[in-house]
Amino acid sequence: MKFTKIYDPREMNSYQFVAATGLVMTLVANIIMLLIGKSMPNFEALYLCWAVFFGLGTIVNFNSNPDDHDHHHHH
C-alpha cells in the first residue's frame, strides 16, 4: 500500500483532491464564522461528508493500480 496516495496531492485522485479542497474550504468558512460570531446548525456535518468522500476516494485510489500492468509481461 502506498500511503503517499493519502497525503501527496500528486498521488491523489480527483475524489481525494476535491474532498481535501472541500475540507480546507469548510475549515476556512468555520474560522470566519467563529471570528464574526455566526454559527450554522449542522455545520460540523460537512466535515463528516468530506471525510467520507475522501475515504471513498482513497479506496478507489488504492484499488486502481496503474503499475500493475508493468509487472505482468511474461513474453
Side-chain angles (χ1 to χ4, degrees):
M1 269 172 95
K2 286 178 68 185
F3 287 105
T4 49
K5 287 188 176 186
I6 296 171
Y7 58 81
D8 185 350
R10 287 166 305 186
E11 298 272 337
M12 286 183 187
N13 60 19
S14 51
Y15 300 106
Q16 288 171 297
F17 199 77
V18 168
T21 306
L23 265 172
V24 171
M25 294 304 215
T26 304
L27 191 65
V28 170
N30 208 341
I31 291 166
I32 292 169
M33 288 191 327
L34 285 171
L35 291 174
I36 62 176
K38 279 196 181 291
S39 67
M40 279 172 62
N42 303 325
F43 188 80
E44 289 78 22
L46 275 173
Y47 290 109
L48 184 65
C49 292
W50 289 126
V52 169
F53 198 64
F54 189 86
L56 291 172
T58 305
I59 292 166
V60 170
N61 201 347
F62 277 133
N63 288 338
S64 68
N65 287 328
D67 320 330
D68 275 2
H69 308 296
D70 304 331
H71 303 299
H72 299 298
H73 293 300
H74 302 293
H75 294 297

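Here, residue 1 is the first one in the sequence, and each next residue gets the next number.
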Student: Is there a donor-acceptor pair under 3.5 Å between the side chain of Asn13 and the backbone N or O of Gly57?
Tutor: yes
Student: To check you understand the geometry: which heavy-atom pair defines the closest contact between Phe62 and Lys2, and what is its length?
Tutor: CE2-O, 3.0 Å
Student: So does Asn42 have more than 12 non-hydrogen atoms from other groups sitting under 6.0 Å from CG?
Tutor: no
Student: Measuring from atom CZ of Phe54 to atom CD1 of Ile59, what distance do you get when rounded to the nearest 0.5 angstrom?
Tutor: 11.0 Å
Student: Out of curiosity, Phe43 CZ to Lys38 NZ, how far, rounded to the nearest 0.5 Å?
Tutor: 13.0 Å
Student: If you compare all heavy atoms of Ile6 against all heavy atoms of Gln16, which two are closest, and at what distance to 0.1 Å?
Tutor: CA-NE2, 4.1 Å
Student: So, taking the atom named OG1 in Thr21 and the one named CE in Met12, what distance separates them when rounded to the nearest 0.5 Å?
Tutor: 8.5 Å
Student: Let me confirm one number: the OG1-CZ distance from Thr58 to Phe3, rounded to the nearest 0.5 Å.
Tutor: 11.0 Å
Student: Please identify each residue that fulfils side chain to side chain donor-acceptor pair (under 3.5 Å) with Thr26, with sequence neighbours left out.
Tutor: Trp50
Student: Are Val18 and Val52 connected, step by step, through hydrophobic side chains (Ile, Leu, Val, Met, Phe, Trp, Tyr) whose heavy atoms are closer than 4.5 Å?
Tutor: no
Student: Measure the CE-CG distance between Met25 and Asn30 for me, rounded to the nearest 0.5 Å.
Tutor: 14.0 Å
Student: To the nearest 0.5 angstrom, please state how far the CD1 atom of Ile36 sits from the CG atom of Leu34.
Tutor: 9.5 Å
Student: Does Met40 share a hydrophobic cluster with Leu48, counting links as ILVMFWY side-chain heavy atoms below 4.5 Å and allowing steps through other members?
Tutor: no
Student: Heavy-atom count around Tyr15 OH within 6.0 Å, excluding the residue itself: above 12?
Tutor: no
Student: When you group the ILVMFWY residues by side-chain heavy-atom contacts below 4.5 Å and let the links chain together, are Leu35 and Leu27 in the same group?
Tutor: yes
Student: State, to 0.1 Å, how close Tyr47 and Leu23 come at their nearest heavy-atom pair, and which atoms those are.
Tutor: CD2-CD2, 3.7 Å
